[in-house]
Amino acid sequence: MSQKPEDFFKHVISHSKEYGYIFQSSEIYDGLSAVYDYGQLGVELKKNIRDYWWKAMVQLHENIVGLDAAIFMHPTTWKASGHVDAFNDPLIDNKDSKKRYRADVLIEEHIAKIEDKITKEVEKAAKRFENFDAAVFLSTNARVKEYQDKIDAINARFKTALNDNNLEDVKQIIIDLEIVCPISGSRNWTDVRQFNLMFSTSMGSVSEDANTIYLRPETAQGIFVNYLNVQKTGRMKIPFGIAQTGKAFRNEIVARQFIFRMREFEQMEMQFFVKPGTEMEWYEYWKKARLNWHLSLDLGADKYRFHDHLKLAHYANAACDIEHNFPFGFKELEGIHSRTDFDLKQHEQFSGKKLQYFDPELNQNYVPYVVETSVGLDRLFLSILSSALKEETLEGGDTRTVLNLPPALAPYKAAVFPLVKKDGLPELAESIVKDLKFDFNIAYDEKDTVGKRYRRQDAYGTPFCITVDHQSLEDKTVTVRHRDTMIQERIAIDKLSTFLEERVSLKSLLKTL
RNA sequence: GCGAAAGUAGCUCAAUUGGUAGAGCUCCAGCCUUCCAAGCUGGAGGUUGCGGGUUCGAGACCCGUCUUUCGCUCCA
């Protein structure tokens, strides 16, 4: 398509709405920012993607089992995971440069500058004196002490301000320290605001007794807190995995790009528990396995790439993303992280419960290491929909809009048409629908010319159209028209079920893995 | 959150310097009976995102607000 990426993305969005894939939430009330609903076709596609992932992960791996943990979790969970601290960033804007900074980072950078001065003093002194003892110098030199006192004072004040949630004082610290914006060089700051990326609500009907609880910002913790339950009751032996799909919620400051970054979204995660020291092997294994899964959708190998994280999160010793080429460029689709034993250790510490595994081969206990695969279902949906949407120019200059969805994921597997709405053709067509509908989601349409109906199903992404004509009454065969090639072939009615099964079932897709 | 652009029927878009809100497609009911969106007849669908202001008169101008896309920012 000779469209600008931006225009193509708008086309994806309008197509999604026009054909019932995605609607904006609460649209009649002007919508809710960055929240979307899945329509009648969208819910089918989403369900099929989820099913394909689930079967590929759980059904095809005897050492992976499923879980469905609640969205609400004990508040301490989020202290242990680090989300309470990490998701509470005090932010401040410079009014002149319009740049936003984390207030704590600005203050820490200021402290770092003072520390540099100390280092320089030490270096100077080291050159001047023989037998220089840095430790003695640090504790005795007046200038160094002055610097150090300054640092301690700032730290103490900042810590108090944060603990008391005293954002005015955080701003005052920045003003008192005469911190300037690196871009504009000005001290024209806004107030400090706290952005809590976790949604909270209260549990219990009596408000005084109400406990603040959070809507989970990730599904992983539900797996970690249940890891021992599953291991014991499922008699799981390491290495083993726990898979889960479900909603997570993040109060993003900026949530945009259609369903790419939503405030409410669905994750599909698998946490794989391994013996410490073997995690890199498994990390490589899952990198390959997950990329392979994406490639099986046949949307084009050039649309995927790995992006290795150079800066690792506090919990990880290796991490990468599988990125997909969205209409707005390569962006993260799935993350594969080697999370070490960080999460389980944290939960051991905060809960006081042992979360260890007894390894019969080693005859010893240990906290397993975890390799995580985490994919956004909504992002996957968007990657498939935007890769599948095509505006084709046919011979003769005609254009058609077609969704080349992987057949196994398409909302409708086939559509059945009577060529004309008389002569008993609708009755025969309906009897075919009746027969197929137990195994496949089938559409029926008898309105408008058959060509128009074909194009309508192309826009839906239906891989096959089955047309009943007068010959069908004679010899019990029908025309099957292929979505992608538009080629037609004649098939016996009693062979339809097998024909579809081979081409549109999840089984056919799973076998390619 | 800052900046830019935009918001008119289900979709894509019109509407002279401010002067009666329209078209195509879609949809619905019928006619026609045709294997790739194109025939005929009729019909439905709108307080122009919302609220206020200027004006004799606002879809258009001004202010506010909501939503979307883009850039910056953020993304444990």
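Per chain, numbering begins at 1; letters A, B, ... match sequence-line order.
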Pairwise C1' distance, B/G42 and B/C32 [rounded to whole Å]: 15 Å

Between A/Glu218 and A/Ser14, whichever has its closest RNA chain B nucleotide further toward 5' is A/Ser14

Set of side-chain hydrogen bond (donor to acceptor under 3.5 Å, both in side chains) partners for A/Asp37, sequence neighbours left out: none

For A/Thr245, which residues count as a side chain to side chain contact (heavy atoms under 4.5 Å, CB included) partner, sequence neighbours excluded? A/Arg50, A/Trp53, A/Trp54, A/Glu266, A/Met268

Assign A/Lys447 to base, sugar-phosphate, or nothing according to its heavy-atom contacts below 4.0 angstrom with the strands shown. sugar-phosphate

To the closest 0.5 Å, what do you measure between CZ (A/Phe224) and NE2 (A/His347)? 7.0 Å

Between A/Val433, A/Leu428, A/Val478, A/Thr467, which is the residue that forms a side-chain contact (heavy atoms from CB on, under 4.5 Å) with A/Val416? A/Val433

Side chain to side chain contact (heavy atoms under 4.5 Å, CB included) partners of A/Asp435, counting only residues at least two apart: none

Can you work out whether A/Glu18 or A/Val420 has the more 5'-proximal nearest nucleotide on RNA chain B? A/Glu18

Show each protein N/O and nucleotides 69-71 of chain B N/O combination with a separation under 3.5 Å, one pair to a line.
from  : atom 1 : to       : atom 2 : distance (Å)
B/U69 : OP1    : A/Phe258 : N      : 2.4
B/C70 : N4     : A/Arg256 : NH1    : 2.5
B/G71 : O6     : A/Arg256 : NH1    : 3.4
B/G71 : O6     : A/Arg256 : NH2    : 3.2

B/G1 and B/U16, which share atom name P, separated by this distance in whole Å: 35 Å

What is the ring orientation for A/Phe272 with A/Trp282, classed by angle as parallel under 30°, tilted 30 to 60°, or perpendicular over 60°? tilted

Mind checking if A/Gln24 touches a base, just sugar-phosphate, or nothing, with heavy atoms under 4.0 Å? sugar-phosphate

Counting only side-chain N and O atoms of A/Lys421, is one of them less than 4.0 Å from OP1 or OP2 of B/U33? no

Determine the interplanar angle of the A/Phe326 and A/His324 rings, folded into 0 to 90°, and report it as parallel if under 30°, tilted if 30 to 60°, perpendicular if over 60°. perpendicular

Spacing of the P atoms in B/G71 and B/A29 (rounded, Å): 44 Å

Tell me, please, which residues at least two apart from A/Thr76 pass side-chain hydrogen bond (donor to acceptor under 3.5 Å, both in side chains). A/His74

Can you check each nucleotide of nucleotides 35-44 of chain B against protein heavy atoms at under 4.0 Å and return B for base, S for sugar-phosphate only, - for none, in 5' to 3' order? BBBB------

